[in-house]
Amino acid sequence: MSLIPVEEALARLLQGIDPVAVESVALASAGERILAEDVHATRTQPPFSASAMDGYAVVSSDTMSPDKPLTVIGEVAAGSSYQGTMQPGQALRIFTGAPVPDGATAILIQENARREGDQLFAHEPTREGQFIRPAGLDFKQGDALLTAGTKLDFRALSLAGAMNHAALPVRRRPLVAILANGDELVEPGETPGPNQIIASNQVGIAELVRRCGGQPLMLGIAPDDSADIGSRVARAIKEKADVLVTLGGASVGDHDLIQSTLGSAGMDLQFWRIAMRPGKPLMAGSIGPMRVLGLPGNPVSSLVCGLLFLKPLIEALLAQTAPAHKAEQTLPLGAPLKPNDMRQDYLRARIEVDNHGNKKLVANERQDSSMLSLLSASDALIVRPPHAPAAEIGEQVPYLLF
């Protein structure tokens with residue numbers, strides 16, 4: 001199977017994706033979930049004209065003269081109301097959030113008033129509507145204020161609460177099973193043997209899954225044994241995982257058993273090997289309704305491919321907007337780049353800011369796909385299309401943020 005372009009691979013990966021089911025979640029537990037349906041206001045906010053300040057409800061024309069006293073006829077606090085209609089020459093003590101009584105046309109703030117018993121003097125004139133929030137200033141009943149696909153952050157949750165929703169329809173978190181493979185791997189915290197290394201990809205991919213709105217299912221590290229790999233794949237199927245992500249072992253070496261074992265489990269292989277760097281040995285397929293994404297074993301390759309392919313896959317399962325993997329932003333280069341070959345390059349880079357606040361992209365000198373320290377210190381990926389010519393300092397180039 002020949003190398004296929006990144007765009008084609010992503011299109012094939014996302015083809016025919018059915019979003020996960022919808023569930024109702026209590027408002028207080030809906031943070032960072034993905035809204036499944038448009039949400040409409042069940043009430044008007046504010047439901048009445050309300051005072052925006054502490055002060056006095058007045059007829060605006062009565063405040064033009066500082067020597068003309070007004071008669072204070074009562075007071076109204078938030079949560080109560082004045083039963084009656086104010087007349088010219090009258091004032092009503094009022095507090096923030098309280099309904100403005102009929103007949104009042106402005107709020108005289110307390111800083112601009114002097115009260116002597118029931119007599120009130122205005123030090124500053126008011127204008128019509130001053131410090132009055134009209135009914136429906138924020139929104140009206142029936143307004144669609146939150147749309148399907150929205151990630152519910154603290155602002156959206158507060159708005160939903162103001163709209164009087166105690167629960168929200170959200171997409172179920174896609175279950176993403178994560179399986180690392182290799183005799184050479186041990187879990188973080190364990191003592192590796194003389195020929196072993198620490199497996200780190202699975203924890204990074206799991207956090208990416210969470211950040212994208214999914215739920216990781218850790219299948220551990222499988223040795224290079226088809227039966228062991230097969231049992232862990234069987235668990236992913238039994239748990240009804242939406243996606244199975246494998247890490248390493250998807251190539252065609254004598255000890256690379258992932259692809260053959262998945263084939264024995266009934267995987268329909270969509271594609272294998274992408275024209276990109278890092279991450280050429282990327283595999284995609286499906287076992288029944290479960291999507292399979294085989295990421296490279298090299299740590300940087302695994303995480304970059306997770307960002308470019310796993311993130312859009314989870315977003316599609318959540319019925320979110322078009323995948324955000326495209327590099328639509330550009331910045332000038334702070335160092336030259338060599339010509340590119342036939343593969344699309346994703347160069348780890350830093351965003352540097354000069355004394356004038358101008359930003360520039362500087363690619364790391366080393367781009368080895370095993371160097372997590374450089375990836376961690378990077379801010380972005382410079383995207384270099386196949387056969388891109390050399391690029392000089394100051395040239396605008398596209399990039400992706402992590």
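Every value quoted in this text rests on a predicted model; they were computed, and no experiment measured them.
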K.L.:
Could you work out, with side chain to side chain contact (heavy atoms under 4.5 Å, CB included) as the rule, every residue matching Glu395, not counting sequence neighbours?
P.N.:
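Glu395 satisfies side chain to side chain contact (heavy atoms under 4.5 Å, CB included) with Ala391 once adjacent residues are dropped.
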K.L.:
Would you compute the distance between atom CG of Asn201 and atom CG of Leu185 and round it to the nearest 0.5 angstrom?
P.N.:
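Rounded to the nearest 0.5 Å, the CG-CG separation comes out at 8.0 Å.
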K.L.:
With a 3.5 Å distance limit and no angle check, can you tell me whether Gln196 reaches the backbone of Asp183 through a side-chain donor-acceptor pair?
P.N.:
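Yes, the answer is positive, given that a donor and an acceptor are paired below the 3.5 Å cut-off.
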K.L.:
If I compare all heavy atoms of Arg348 with all of Tyr346, which pair ends up nearest, and what's the gap?
P.N.:
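For Arg348 versus Tyr346, the nearest heavy atoms are NH1-O, 3.2 Å.
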K.L.:
How close do Thr63 and Ala122 get, heavy atom to heavy atom, and via which atoms?
P.N.:
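For Thr63 and Ala122, the tightest heavy-atom pair comes out as CB-CB, 3.9 Å.
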K.L.:
Of all residues at least two apart in sequence or in a different chain, which pass the salt bridge (charged side-chain N to carboxylate O under 4.0 Å, His left out) check with Arg155?
P.N.:
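Only Asp153 meet the salt bridge (charged side-chain N to carboxylate O under 4.0 Å, His left out) criterion with Arg155.
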K.L.:
Mind running side chain to side chain donor-acceptor pair (under 3.5 Å) on Asn298 and Ser370 for me, showing each step along the way?
P.N.:
CA-CA 5 Å; Asn298 276 327; Ser370 69; 5.7 Å; no
K.L.:
Sequence neighbours left out, cut at 3.5 Å: what donor-acceptor pairs do the side chains of residues 211-219 make with other protein atoms?
P.N.:
none

K.L.:
Are any of the side-chain heavy atoms of Leu70 and Val59 separated by less than 4.5 Å?
P.N.:
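Result no, sub-4.5 Å side-chain heavy-atom pair not found.
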K.L.:
Under the rule for salt bridge (charged side-chain N to carboxylate O under 4.0 Å, His left out), what residues qualify as partners of Asp138, not counting sequence neighbours?
P.N.:
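For Asp138 there are no salt bridge (charged side-chain N to carboxylate O under 4.0 Å, His left out) partners, ignoring immediate neighbours.
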K.L.:
Throw together a table of side-chain donor-acceptor distances under 3.5 angstrom for residues 101-111, partners on residues two or more places apart or in other chains.
P.N.:
from   : atom 1 : to    : atom 2 : distance (Å)
Thr105 : OG1    : Ser60 : N      : 2.7
Gln110 : OE1    : Arg93 : NH1    : 3.2
Gln110 : OE1    : Arg93 : NH2    : 2.9

K.L.:
Identify all side-chain donor-acceptor contacts of residues 299-306 below 3.5 Å with residues at least two apart in sequence or on another chain.
P.N.:
none

K.L.:
Please tabulate, one pair per line, all N/O donor-acceptor pairs under 3.5 Å involving side-chain atoms of residues 75-86, not counting sequence neighbours.
P.N.:
from  : atom 1 : to    : atom 2 : distance (Å)
Ser80 : OG     : Ala77 : N      : 3.2
Ser80 : OG     : Ala77 : O      : 2.8
Ser81 : OG     : Gln83 : NE2    : 2.7

K.L.:
At what distance, to the nearest 0.5 angstrom, does CD1 of Ile221 lie from CD1 of Ile178?
P.N.:
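Ile221 CD1 to Ile178 CD1: 12.5 Å, rounded to 0.5 Å.
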K.L.:
Treating Asn164 as the side-chain partner and Thr42 as the backbone partner, does any N or O pair qualify as donor plus acceptor under 3.5 Å?
P.N.:
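No: the side chain of Asn164 does not pair with the backbone of Thr42.
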K.L.:
To the nearest 0.5 Å, tell me how far Phe271 CZ sits from Leu10 CG.
P.N.:
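One finds 8.0 Å between CZ of Phe271 and CG of Leu10.
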K.L.:
Measure from the side-chain N and O atoms of Asp143 to the backbone N and O of Leu145, and report whether any donor-acceptor pair falls under 3.5 Å.
P.N.:
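No.
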K.L.:
Sub-3.5 Å donor-acceptor pair from the side chain of Ser49 to the main-chain atoms of Val100, do we have one?
P.N.:
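Pair absent, no side-chain N/O of Ser49 close to backbone of Val100.
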K.L.:
Who passes salt bridge (charged side-chain N to carboxylate O under 4.0 Å, His left out) against Glu352, sequence neighbours left out?
P.N.:
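Per chain and number, Glu352 pairs via salt bridge (charged side-chain N to carboxylate O under 4.0 Å, His left out) with Arg350.
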K.L.:
Using a 4.5 Å cut-off on heavy atoms from C-beta on, say whether the side chain of Ile382 contacts that of Leu337.
P.N.:
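Contact flag for Leu337/Ile382 side chains = yes.
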K.L.:
Going by heavy atoms in the side chains, are His165 and Leu146 under 4.5 Å from each other?
P.N.:
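Sidechains of Leu146 and His165: no contact.
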K.L.:
Over all heavy atoms of both residues, which pair between Val362 and Ala335 is shortest? Give the atoms and the distance, please.
P.N.:
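Here Val362 and Ala335 meet closest at CG1-CB, 4.3 Å.
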K.L.:
Counting only N and O atoms by type, is there a donor-acceptor contact under 3.5 Å from the side chain of Arg12 to the main-chain atoms of Glu7?
P.N.:
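Not a single qualifying donor-acceptor pair exists.
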K.L.:
Using every non-hydrogen atom in the two residues, find where Asn364 and Gln367 come nearest and quote the distance to one decimal.
P.N.:
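Closest approach of Asn364 to Gln367: O-NE2, 3.0 Å.
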K.L.:
Let me see the working for Thr246 and Asn181 under side chain to side chain contact (heavy atoms under 4.5 Å, CB included), right down to the final yes or no.
P.N.:
CA-CA 7 Å; Thr246 62; Asn181 167 238; over 6 Å; no
K.L.:
Roughly how far, to the nearest 0.5 Å, is the CG atom of Leu361 from the CD atom of Gln396?
P.N.:
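Rounded to the nearest 0.5 Å, the CD-CG separation comes to 9.0 Å.
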K.L.:
Val22: which residues meet the side chain to side chain contact (heavy atoms under 4.5 Å, CB included) condition with it, sequence neighbours left out?
P.N.:
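Only Ala36, Glu37, Pro169, Arg171 meet the side chain to side chain contact (heavy atoms under 4.5 Å, CB included) criterion with Val22.
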K.L.:
Atom CE in Met290, atom CG in Leu244: separation rounded to 0.5 Å?
P.N.:
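Interatomic distance, Met290 CE to Leu244 CG, rounded to 0.5 Å: 4.5 Å.
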K.L.:
List in chain and number order the residues that pass side chain to side chain contact (heavy atoms under 4.5 Å, CB included) with Arg172, two or more places apart in sequence or in another chain; answer none if no residue qualifies.
P.N.:
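With neighbours one apart ignored, the set is Val20, Glu23, Asp242.
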K.L.:
From Asn112 CG over to Phe131 CZ, what is the distance, rounded to the nearest 0.5 angstrom?
P.N.:
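Between Asn112 CG and Phe131 CZ, I get 7.5 Å after rounding to 0.5 Å.
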K.L.:
Do Leu3 and Met342 have side-chain heavy atoms sitting under 4.5 Å apart?
P.N.:
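When only atoms from C-beta onward are counted, Met342 and Leu3 do touch, with a gap below 4.5 Å.
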K.L.:
Return the set of residues passing salt bridge (charged side-chain N to carboxylate O under 4.0 Å, His left out) with Glu116 (not counting sequence neighbours), or none when no residue passes.
P.N.:
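In terms of salt bridge (charged side-chain N to carboxylate O under 4.0 Å, His left out), with neighbours along the sequence ignored, Glu116 is linked to Arg114.
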K.L.:
Restricting to non-hydrogen atoms, name the atom on Ala380 and the atom on Tyr399 that form the minimum distance, rounded to 0.1 Å.
P.N.:
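Nearest pair, atom of Ala380 first, then Tyr399: CB-CD1, 3.8 Å.
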K.L.:
Give every residue pair that meets the side-chain hydrogen bond (donor to acceptor under 3.5 Å, both in side chains) criterion with at least one member in residues 331-341, sequence neighbours excluded.
P.N.:
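For residues 331-341, and leaving out neighbouring residues, the side-chain hydrogen bond (donor to acceptor under 3.5 Å, both in side chains) pairs sorted by first residue read Arg277-Asn340, Arg277-Asp341.
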